[in-house]
Engineer: 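Got a structure for you, questions after.
Counting starts at 1 for both ligands and their atoms, following the listed order.
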Amino acid sequence: MVISTDSDDGDDGTTWRTIPVSDNNLGQASDQAGGQAGGRAGGPRLSPNLRGIPLYKPGKPAKGEDGRPAYKLSSNENPYPPLPGVVEAAVAAAGDLNRYPDLGCTALTAELAARFGVPETHIATGTGSVGVAQSLIQATAGPGDEVVYAWRSFEAYPIIVQISGATSVQVPLTADGRHDLDAMLAAITERTRLVFVCNPNNPTGTVVHRAELERFLDAVPADVLVVLDEAYNEFVRDAEVPNGVELYRDRSNVCVLRTFSKAYGLAGLRVGFAIAHEPVAEALRKTAVPFGVSQLAQDAAVASLRAETALLERVAALVEERTRVVAALVAQGWTPNETQANFVWLPLGERTADFAAACAAAGVVVRPFPGDGARVTIGETEGNDLFLEAAARFRKES
Ligand code: PMP
């Protein structure tokens with residue numbers, strides 16, 4: 001890299017502008033700043049990419065009325081507390097809060113690489129898998145580029161695509177809430193840089209099967225990155241659903257996204273990761289917020305990985321609850337689509353807001369997507385029961 005004072009572009013592609021050194025520079029700069037301190041009308045110019053972006057809507061907190069308990073079934077969180085040994089690991093790390101965390105997440109990376117049987121260089125960690133997803137877009141797409149994904153899907157996708165200046169191409173789900181991979185393939189153009197496949201899909205809980213996904217991956221151009229977002233992978237019981245880690249191995253344009261927020265119950269600590277071939281993983285390390293994953297999060301994630309027996313028990317209990325809730329809904333006359341995640345989806349259309357209000361009145365907070373449907377997390381048994389009672393009443397009354 002050669003630094004020159006009159007070039008905007010470095011030999012290696014970097015861009016900068018260097019102000020020639022002059023005795024007057026400092027004085028001029030501070031004079032200008034002083035001159036502007038009174039403020040020009042309108043304030044600072046913000047990126048036009050932000051226009052119209054809705055703020056990310058978190059699931060509403062549960063607020064009990066009249067002393068009744070309330071259950072938050074709106075954010076796909078794990079109702080169990082952190083796994084054994086995890087709080088202790090986090091508390092121990094808290095003693096060093098005056099220090100920056102390990103930049104490379106060394107211990108966590110080594111643990112993940114061993115667990116998945118992949119090179120450490122193929123792991124990239126981030127502030128939740130949404131942080132990693134944002135880095136992936138930043139690393140691949142900008143103005144004029146397109147990012148393809150199914151819709152409705154994870155509500156952060158349109159936000160992080162728009163922030164990058166790229167264009168979202170939303171491919172409608174099939175009538176039964178599944179990815180339409182043929183339509184997604186047809187939507188790929190020479191402008192496409194990245195495709196998300198959310199498996200299981202949030203919020204419908206539907207899955208993409210191995211054979212159709214392999215056909216899709218074989219047909220996607222090799223220079224388009226396919227991100228398999230597997231935030232809910234641990235809850236899958238359908239044997240036809242592939243583990244993305246097996247699909248990425250011999251495909252350099254496939255990246256798998258996983259998180260500690262759902263099955264592992266660490267949503268509050270913000271840690272997720274990608275498994276991808278080296279150029280992509282390295283790009284993620286370049287675009288990630290430096291020191292974004294706290295030492296608490298790193299140590300808690302390592303402790304969580306080591307508590308696998310307890311993890312599997314909890315996931316099995318939640319899957320059992322899912323089966324019970326779905327069967328009860330069917331018995332009530334609902335027709336929920338098959339879900340492989342820790343939530344169910346009710347396509348209520350225009351009745352969605354009323355349904356959410358009825359649930360709230362019963363002490364259960366669900367996640368409405370007005371005009372479309374409601375997503376309800378599988379939570380603690382009492383909360384699930386309250387939800388089922390509210391759902392039964394709503395069916396009878398409406
Ligand atoms: N992907 C999907 C499909 C999700 O539903 C979520 C969380 N709602 C995420 C990614 C992000 O989770 P986190 O940032 O907590 O890892």
Engineer: Using 0.5 Å steps for rounding, measure from the CD1 atom of I123 to the OG1 atom of T109.
Structural biologist: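 Reported value, rounded in 0.5 Å steps: 6.5 Å.
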
Engineer: With backbone taken as N, CA, C and O and side chain as the heavy atoms from C-beta onward, which portion of D229 lies under 4.0 Å from ligand 1: side chain, backbone, both, or neither?
Structural biologist: side chain

Engineer: Ignoring hydrogens, what is the shortest heavy-atom contact between L266 and S304? Give both atom names and the distance.
Structural biologist: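 Distance-wise, the nearest heavy atoms are CD1-OG, 3.4 Å.
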
Engineer: Less than 4.0 Å between a side-chain N and a carboxylate O, is that true for E282 and R285?
Structural biologist: no

Engineer: With atom 15 (O) of ligand 1 as the reference point, say which of A133, G268, S261 has the nearest heavy atom.
Structural biologist: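 The residue whose heavy atom sits nearest atom 15 (O) of ligand 1 is S261.
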
Engineer: In terms of ring plane angle, is the pair F273 and F260 parallel, tilted or perpendicular, where the classes change at 30° and 60°?
Structural biologist: tilted

Engineer: Check this for me - ligand 1, T259, N or O atoms closer than 3.5 angstrom, yes or no?
Structural biologist: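 Yes, there is a polar N/O contact under 3.5 Å.
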
Engineer: Between the candidates K262, E230, E77, which shows the shortest non-hydrogen contact distance to atom 8 (N) of ligand 1?
Structural biologist: K262

Engineer: Checking a contact table here: which protein heavy atom is nearest atom 14 (O) of ligand 1, and how many Å away?
Structural biologist: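 Of every protein heavy atom, R270 NH2, 2.7 Å lies nearest to atom 14 (O) of ligand 1.
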
Engineer: Counting only heavy atoms, which portion of S129 has something under 4.0 Å from ligand 1: side chain, backbone, both, or neither?
Structural biologist: both

Engineer: Examine ligand 1 and decide if any of its atoms is less than 4.0 Å from a heavy atom belonging to C198.
Structural biologist: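 Yes, that is the case, since the closest heavy atom of the residue is under 4.0 Å from the ligand.
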
Engineer: Between R178 and E212, does any side-chain N to carboxylate O distance fall below 4.0 Å?
Structural biologist: yes

Engineer: Work out whether the distance between some heavy atom of Y232 and some atom of ligand 1 is less than 4.0 Å.
Structural biologist: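 Yes, Y232 has a heavy atom closer than 4.0 Å to ligand 1.
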
Engineer: Purely on distance, is any nitrogen or oxygen of V130 under 3.5 Å from one on ligand 1?
Structural biologist: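 Among all N and O atoms of V130, at least one is under 3.5 Å from an N or O of ligand 1.
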
Engineer: Testing the 3.5 Å rule here: is there a donor-acceptor pair between the side chains of H277 and N253?
Structural biologist: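 The answer is no; no qualifying pair exists.
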
Engineer: Using a 4.0 Å cut-off to any heavy atom of N202, which atoms of ligand 1 qualify?
Structural biologist: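 Per the distance check, 3 (C), 4 (C), 5 (O), 8 (N).
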
Engineer: Can a non-hydrogen atom of G128 be found less than 4.0 Å from any atom of ligand 1?
Structural biologist: yes

Engineer: With under 30° as parallel and over 60° as perpendicular, where do the rings of F196 and Y149 fit, or are they tilted in between?
Structural biologist: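 Because their plane-to-plane angle is over 60°, the rings of F196 and Y149 count as perpendicular.
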
Engineer: Is the cationic atom of R237 (NZ for Lys, CZ for Arg) positioned less than 6.0 Å from the six-membered ring centroid of F235 and within 45 degrees of its normal?
Structural biologist: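 Pair R237/F235 does not count as cation-pi.
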
Engineer: Nearest to atom 6 (C) of ligand 1, what protein heavy atom do you find, and at what distance?
Structural biologist: F154 CZ, 3.4 Å

